[in-house]
Amino acid sequence: MQHHHLGLKNLLLVLILIFSACGTEEPLSGPPLKTVADVISELKDNYTLLPEGQVAASIDSSVFAQYTDPTSRYDHGVMGDKIEGGGLVVFSSGVFHELSLDSDYVFEDIRPRLIDANQDGDLEILCIRTHVERGAGIVIYEISDNQLKEYAHVDEIGTRNRWLNYVAADDFDDDGNLELAWIETPHIGGILKVARIERGSLNPIDETSQYSNHGFGERNLCLSALTDNNNQKVIYVPNQNRSKIVGFSFQNNALELVEEIDFAVDFSVLLIEQYSFEGLVVGEDNCIR
């Protein structure tokens, strides 16, 4: 019995020493986790951002993107001023990734959009990229080999001072592939276009005209909506004269008119704040406010 008690005492002493050591052990090496406030603070401290200061953030706050390097080398002024982005910075997996455009391009935009372009679980970055002589196009960047690289693009319109605005990116027809919708020249007979997102160029599959999701000089870029009801996805945009909200489905590679809603649209206010859409789809590409 004597030896048994001594054994228990020694065992307890060993356990106490182990737990004490664990309590004072230094944490594993590696960068500390960053909070949302940390990332935004670092963006503001280390980069020259656009006047709007809009930051794209993923739903889980793991990816952030923002335009940098304000420039006046393109004087279109589609959003009220003549200052556009010359660069892009993306925070992902604890690292800031930077990209600078060539001198004949600008980001004619306020904030990037985050989408999972290839549906692999990692987010890509969609931007409105404008050539100073050929007008606006769309580019999607991915993070590859620890760098921002072009994943796919929409060709520029072809004429200076011509612009386009993003509508939505989703699997509109539920065929397992992601599609992209935008309105080209929303101030001049706006053309709603849809393309399938694949690596490389994004070529329109179908289009229809006389729609708009932006007023010239406005900062509001969110005049579109996407809904999903009874397994049917519908893209909503205002018509050109702002008197109606028009809904389209995308089936069999074609845009199909679903409904027209008589509603006077205020182009200075987000569409989803003006009209109550049932089954609204909320994604990583959250609306610019």
Side-chain angles (χ1 to χ4, degrees), residues 59 78 110-111 113-117 119 126 128 136 138 154 157 162-197 202-289:
I59 291 172
V78 71
I110 290 178
R111 186 185 70 183
R113 294 143 191 89
L114 303 174
I115 65 170
D116 186 358
Q119 297 179 287
L126 183 147
I128 299 175
I138 295 173
V154 172
I157 295 167
R162 294 293 183 268
W163 188 71
L164 54 79
N165 192 19
Y166 172 84
V167 171
D170 204 288
D171 183 1
F172 299 141
D173 53 4
D174 293 321
D175 67 348
N177 300 302
L178 212 67
E179 286 84 35
L180 169 65
W182 69 96
I183 292 182
E184 183 177 297
T185 60
H187 320 116
I188 314 171
I191 307 168
L192 174 62
K193 297 188 174 188
V194 176
R196 191 156 288 117
I197 298 179
L202 304 178
N203 298 311
I205 300 169
D206 197 19
E207 62 183 54
T208 182
S209 61
Q210 297 302 312
Y211 300 95
S212 180
N213 62 344
H214 182 256
F216 195 92
E218 288 283 354
R219 291 279 203 275
N220 176 26
L221 302 188
C222 194
L223 282 163
S224 312
L226 176 65
T227 65
D228 188 356
N229 292 293
N230 301 317
N231 296 319
Q232 183 186 46
K233 291 177 181 174
V234 179
I235 302 163
Y236 287 93
V237 294
N239 63 355
Q240 185 72 48
N241 68 12
R242 312 183 185 189
S243 65
K244 294 180 180 181
I245 301 172
V246 186
F248 292 93
S249 65
F250 182 73
Q251 297 292 332
N252 300 316
N253 292 334
L255 287 162
E256 299 289 340
L257 180 65
V258 174
E259 66 173 329
E260 293 184 325
I261 304 165
D262 289 325
F263 188 90
V265 181
D266 182 345
F267 271 35
S268 67
V269 180
L270 274 66
L271 189 63
I272 60 173
E273 292 182 352
Q274 298 182 63
Y275 187 84
S276 180
F277 293 94
E278 184 178 349
L280 189 67
V281 174
V282 179
E284 304 284 357
D285 59 333
N286 44 11
C287 294
I288 294 173
R289 298 178 183 271

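Note that the numbering runs from 1 along the sequence shown for the chain.
By the side chain to side chain donor-acceptor pair (under 3.5 Å) test, Ser212 is found to be paired with no residue, residues two or more places apart in sequence or in another chain being considered. Residues satisfying the side chain to side chain contact (heavy atoms under 4.5 Å, CB included) test with Ala264, not counting sequence neighbours, are none. For Phe172, there are no ring-ring contact (aromatic ring centres under 6.0 Å, His included) partners, not counting sequence neighbours.
Between Tyr275 atom OH and Glu278 atom CD the span is 9.5 Å, to the nearest 0.5 Å. Here Leu226 contributes atom CG and Leu280 contributes atom CG; the two are 7.5 Å apart, rounded to the nearest 0.5 Å. The structure places OG1 of Thr208 at 10.5 Å from CD of Glu256, a figure rounded to the nearest 0.5 Å. The distance from atom CG of Asp266 to atom CG of Leu271, rounded to the nearest 0.5 Å, is 10.5 Å. A distance of 4.5 Å separates CG in Asp206 from CG in Leu255, rounded to the nearest 0.5 Å. Put simply, CG on Leu223 and CD1 on Ile245 are 9.5 Å apart, with the number rounded to the nearest 0.5 Å.
Of the possible polar contacts, none joining the Asn165 side chain to the Ile183 backbone as a donor-acceptor pair under 3.5 Å is found. Remark: side-chain polar atoms of Asn252 are not paired, donor with acceptor, to backbone N or O of Ala254 under 3.5 angstrom. With hydrogens and angles disregarded, no donor-acceptor distance shorter than 3.5 Å links the side chain of Glu284 to the backbone of Arg113. Side-chain N or O atoms of Gln240 include one that pairs as donor or acceptor with a backbone N or O of Gly190 at under 3.5 Å. The closest donor-acceptor contact from the side chain of Gln274 to the backbone of Val265 lies at 3.5 Å or more, if one exists at all. Of the possible polar contacts, one joining the Asp171 side chain to the Gly176 backbone as a donor-acceptor pair under 3.5 Å is found. For the pair Asp285 (side chain) and Ile115 (backbone), a donor-acceptor distance under 3.5 Å is absent.
Nearest heavy atoms, Ile128 versus Ala136: CG2-CB, 4.2 Å. Nearest heavy atoms, Gly189 versus Ser209: O-CB, 3.8 Å. Smallest separation of non-hydrogen atoms from Ser224 and Val237: OG-CG1, 3.9 Å. Closest approach of Leu126 to Ile138, counting heavy atoms only: CG-CG2, 3.9 Å. Here the closest non-hydrogen pair linking Leu192 and Ala181 is CD1-CB, 4.5 Å. Pairing each heavy atom of Ile197 with each of Ala169, the nearest pair is CD1-CB, 4.4 Å.
Residue pairs satisfying the salt bridge (charged side-chain N to carboxylate O under 4.0 Å, His left out) criterion with at least one member in residues 234-246, sequence neighbours excluded, are listed as follows: Lys244-Glu260. Identified under the ring-ring contact (aromatic ring centres under 6.0 Å, His included) test for residues 224-244, with sequence neighbours left out: Tyr236-Phe277. Among pairs with a residue in residues 173-191, those fulfilling salt bridge (charged side-chain N to carboxylate O under 4.0 Å, His left out) read Asp173-Arg196, Asp174-Lys233, Asp175-Arg196, Glu179-Arg196, Glu184-Lys193, at least two apart in sequence or across chains.
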Could you go through the side chain to side chain contact (heavy atoms under 4.5 Å, CB included) check for Val78 and Phe216 one step at a time?
CA-CA 5 Å; Val78 71; Phe216 195 92; 3.9 Å; yes
Working note: Val246 + Leu257, criterion side chain to side chain contact (heavy atoms under 4.5 Å, CB included); need CA distance, chi angles, decisive distance, verdict.
CA-CA 8 Å; Val246 186; Leu257 180 65; 3.3 Å; yes
Residues Leu180, Val154; criterion side chain to side chain contact (heavy atoms under 4.5 Å, CB included); working and verdict:
CA-CA 10 Å; Leu180 169 65; Val154 172; 4.3 Å; yes
Show, in sequence, the C-alpha distance, side-chain angles and deciding distance for Val234 and Glu259, and conclude whether the side chain to side chain contact (heavy atoms under 4.5 Å, CB included) test is met.
CA-CA 9 Å; Val234 179; Glu259 66 173 329; 5.7 Å; no
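When the options Leu270, Asn213, Ile110 are evaluated for a side-chain contact (heavy atoms from CB on, under 4.5 Å) with Leu221, the one that passes is Ile110.
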